[in-house]
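Step one of this worksheet: look at the structure below.
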Amino acid sequence: ALDPRTRLEVRAGLRGYLAEFAGPVLMVTHDAVDALVLADRIVVLEDGHVSQVGTPQELARRPRTDYVARLVGLNLYAGVVSADPHTVELNSGGALVVAESPGPPGTAAHVVLRPSTVTLQTTRPDHPSARNVWPGRIRELEVIGERVRAVVDGQPGAIVDLTPAAVADLGLRSASPVWLSAKATDLDAFAG
């Protein structure tokens, strides 16, 4: 395994080489960051089958499977548009309110939530401006660079990015009960 500085240097060198090379290149990698920053198009293989093909931007905006969402660092929820076209009832339990309806009631839909847009608190917010507020419990905390990624069980479960200071201020640890909130405008919903 390469240290982070060496990995950046190798990636920069490869990016320079690819920019000068006139022909097509097939790059195989298990590193999602390499794929996202070096590729024009990505083919994601999942369980021996192609699960999604697209540009890095397309995969990051509209992942089609949980695996692709995890590769690009997003929460992805599958569900169905409810009678209120701005609410998606999730297959895994719970519901999320979205600003842009993915379709008429009954439409199969996916909702994408970025971990950095989720607010986490230890008490239920009294007057939240967010339309989505739900309880959860910390399953795991992992330091990733200068942030802490919290894996939270709930309906829905979520990955949430926090600062180390926030984790300390809130006294978070494994099994801590928490409240999650997300604004409808921070969720991206699409049919499918």
Taking the side chain as everything from C-beta on, heavy atoms only, tell me whether [X] gets closer than 4.5 Å to [Y].
X: M27; Y: L14; result: yes
X: R64; Y: S51; result: no
X: R62; Y: V112; result: no
X: Q155; Y: L90; result: no
X: P104; Y: V81; result: no
X: L172; Y: L170; result: yes

### Query
Ion pair present between R114 and D188, side-chain N to carboxylate O less than 4.0 angstrom?
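Judged by the 4.0 Å cut-off on N to carboxylate O distance, R114 and D188 do form a salt bridge.
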For the [atom1] atom of [X] and the [atom2] atom of [Y], what is their distance to the nearest 0.5 Å?
X: L162; Y: R147; atom1: CG; atom2: CZ; result: 10.5 Å
X: L187; Y: E100; atom1: CG; atom2: CD; result: 12.0 Å
X: N132; Y: D186; atom1: CG; atom2: CG; result: 9.5 Å
X: F190; Y: R61; atom1: CZ; atom2: CZ; result: 10.5 Å
X: E140; Y: I159; atom1: CD; atom2: CD1; result: 11.0 Å
X: T55; Y: L36; atom1: OG1; atom2: CG; result: 10.0 Å

### Message
On a heavy-atom basis, which atom in P102 and which in A191 lie closest, and how many Å separate them?
### Response
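Of all heavy-atom pairs spanning P102 and A191, the closest is O-CB, 3.6 Å.
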### Under 3.5 Å donor-acceptor, D161 side chain and P115 backbone
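Checking the backbone N and O of P115 against the side chain of D161, no donor-acceptor pair under 3.5 Å is found.
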#### Entry: Intermediate values then yes/no, side chain to side chain contact (heavy atoms under 4.5 Å, CB included), V118 and L120
CA-CA 6 Å; V118 181; L120 199 139; 5.5 Å; no
### Task
Kindly determine whether V33 and R11 satisfy side chain to side chain contact (heavy atoms under 4.5 Å, CB included), including the steps that lead there.
CA-CA 10 Å; V33 175; R11 195 175 284 139; 3.4 Å; yes
